[in-house]
Enquirer: 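Sharing a structure, written as structure tokens. Questions coming.
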Amino acid sequence: MEVIVGITCVSEFPCGPGRIDELIAIFHEILPFARKKNGCEKIYFSISDTNPNLAITFEIWKSKKDHEVYISELTESGRLSDIQFCLNGFPRFTFFNNLDNF
């Protein structure tokens with residue numbers, strides 16, 4: 001039996017031309033707080049080496065519910081809208097179950 005010990009969320013943010021620096025500034029503000037949220041184990045923010053308009057976060061959370069609370073707070077504060085204004089399309093969230101029995 002597989003034992004799920006949390007989730008990893010890979011979030012892709014396709015920026016509009018010339019908007020990546022604005023997105024980076026937003027993440028500089030929100031990630032220190034996100035890393036202190038209940039259930040957050042680690043968040044990495046990366047810019048694609050082959051596409052300078054693509055940012056990705058790798059987020060490790062104790063549960064999907066913890067991640068949903070974080071996204072709800074970003075929505076309520078307006079920060080998710082700020083992120084969306086930088087993008088050329090919608091962010092994409094892919095969830096993975098973290099397994100720990102091998």
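On a predicted model such as this, the values are computed, not experimentally measured, just so you know. We number each residue from 1, following the sequence as shown.
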Enquirer: Using every non-hydrogen atom in the two residues, find where N53 and P17 come nearest and quote the distance to one decimal.
Expert: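 Shortest heavy-atom separation between N53 and P17 comes out as OD1-CA, 4.2 Å.
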Enquirer: With E68, which residues qualify under side-chain hydrogen bond (donor to acceptor under 3.5 Å, both in side chains), at least two apart?
Expert: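 E68 satisfies side-chain hydrogen bond (donor to acceptor under 3.5 Å, both in side chains) with no other residue.
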Enquirer: Return a table of donor-acceptor pairs under 3.5 angstrom between the side chains of residues 37-46 and protein atoms on other chains or two or more places apart.
Expert:
unit_1: K37; atom_1: NZ; unit_2: E73; atom_2: OE1; d: 2.6
unit_1: K37; atom_1: NZ; unit_2: E73; atom_2: OE2; d: 3.2

Enquirer: Pairs under 3.5 angstrom only: tabulate donor-acceptor contacts from the side chains of residues 81-94 to other protein residues two or more places apart or in another chain.
Expert:
unit_1: D82; atom_1: OD2; unit_2: R79; atom_2: NH1; d: 2.6
unit_1: Q84; atom_1: NE2; unit_2: G89; atom_2: O; d: 2.9

Enquirer: Is there side-chain contact between V5 and L99, with heavy atoms separated by less than 4.5 Å?
Expert: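 Result no, sub-4.5 Å side-chain heavy-atom pair not found.
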Enquirer: Taking V69 as the starting point, is it possible to reach L80 by hopping between hydrophobic residues whose side chains are less than 4.5 Å apart?
Expert: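 No, separate clusters.
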Enquirer: Taking all non-hydrogen atoms of both residues, which atom of I20 and which atom of P52 are closest, and how far apart?
Expert: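 Heavy-atom minimum between the residues: CG1-O, 3.6 Å.
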Enquirer: Transitively linked via ILVMFWY side-chain contacts under 4.5 Å: Y70 with F96?
Expert: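 Different hydrophobic clusters.
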Enquirer: Report whether I7 and V10 are members of the same hydrophobic cluster (ILVMFWY, side-chain heavy atoms less than 4.5 Å apart, transitive linking).
Expert: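 Shared cluster, no.
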Enquirer: I need the C15 SG to L54 CG distance, nearest 0.5 Å.
Expert: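 Those atoms lie 8.0 Å apart.
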Enquirer: If you count every heavy atom of other residues, nucleotides or ligands that lies below 6.0 Å from F95 atom CZ, does the total exceed 12?
Expert: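 Counting neighbours around CZ of F95, more than 12 heavy atoms of other residues, nucleotides or ligands fall under 6.0 Å, so yes.
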Enquirer: Of all heavy-atom pairs between I47 and A55, which one has the smallest distance, and what is that distance?
Expert: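 Between these two residues, the closest heavy atoms are CD1-CB, 3.8 Å.
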Enquirer: Honestly curious: do L31 and I71 fall in one hydrophobic cluster under the side-chain, below-4.5 Å linking rule?
Expert: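 Hydrophobic grouping puts L31 with I71.
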Enquirer: Say whether F33 and I30 are linked into one hydrophobic cluster, either directly or through other cluster members, by side-chain heavy-atom distances under 4.5 angstrom.
Expert: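 No, separate clusters.
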